[in-house]
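Just below is one structure, and these are the notes that go with it.
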Amino acid sequence: MTRRVFRYVPFTIEQDQTAEPEYEARCVSGDETECGAESGTHRDPGPVEEWQRRRTQETGHRRYRRNFGGYAVMRPPAELAELARLTGGTA
Ligand SMILES: [Zn+2]
């Protein structure tokens, strides 16, 4: 039996500022089969909510599944310390 031992590194999880987040919604109204209409992907929740409002007004459909996609980067403690040194801050 082999056991792999990992050294614990307390990475910090940060939002990736270079990648746009993604918001979208899909209409899941309906009893047997869901409607399936999609809002398309947006970089902001505003247009998605607007799409939902318009759709509900036009069709009476009132149930949606919302998806959010974001990108994360893992930063090791050594890099945080380096950043703090460069910016003169206390991270
Ligand atoms: Zn619908």
Side-chain angles (χ1 to χ4, degrees):
M1 193 172 106
T2 39
R3 283 186 73 193
R4 303 210 313 174
V5 179
F6 293 96
R7 188 169 69 89
Y8 180 77
V9 182
F11 282 91
T12 301
I13 302 177
E14 295 178 359
Q15 180 90 22
D16 184 353
Q17 302 297 339
T18 66
E20 298 280 357
E22 296 168 354
Y23 298 84
E24 61 186 4
R26 188 178 80 238
C27 184
V28 295
S29 303
D31 295 329
E32 301 282 305
T33 53
E34 63 186 40
C35 167
E38 291 174 341
S39 68
T41 304
H42 298 272
R43 294 169 175 184
D44 184 89
V48 177
E49 290 178 3
E50 189 51 42
W51 176 83
Q52 284 179 234
R53 287 181 213 287
R54 217 172 338 117
R55 176 141 197 98
T56 295
Q57 213 156 333
E58 289 168 2
T59 64
H61 292 173
R62 289 167 68 168
R63 201 158 172 271
Y64 298 86
R65 173 176 165 82
R66 301 192 293 180
N67 282 328
F68 167 74
Y71 295 84
V73 284
M74 310 297 285
R75 200 186 288 283
E79 248 176 63
L80 273 184
E82 178 67 9
L83 267 180
R85 194 184 63 78
L86 290 173
T87 60
T90 49

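Note that ligands are numbered from 1 as they come in the structure, with each ligand's atoms numbered from 1 the same way.
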Presence of salt bridge, Glu34 and Arg65, under 4.0 angstrom: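 So Arg65 does not pair with Glu34 through a salt bridge.
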
With carbon and hydrogen excluded and only N/O/S kept, which atom of His61 is nearest the Zn ion (ligand 1)? ND1

Any N, O or S atom of Gly30 closer than 2.8 Å to the Zn ion (ligand 1):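 So Gly30 does not count as coordinating the Zn ion (ligand 1).
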
Looking only at side chains, do Thr18 and Tyr71 share a donor and an acceptor under 3.5 Å apart?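 Result is no, nothing qualifies.
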
Angular separation of SG (Cys35) and NE (Arg55) seen from the Zn ion (ligand 1), to 10°: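 With the Zn ion (ligand 1) as the vertex, the angle is close to 110°.
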
Would Glu79 and Leu83 count as a side-chain contact (heavy atoms from CB on, under 4.5 Å) here? Give the steps. CA-CA 6 Å; Glu79 248 176 63; Leu83 267 180; 5.8 Å; no

Could you tell me how the ring of Phe68 sits relative to the ring of Tyr23: parallel (under 30°), tilted (30 to 60°) or perpendicular (over 60°)? tilted

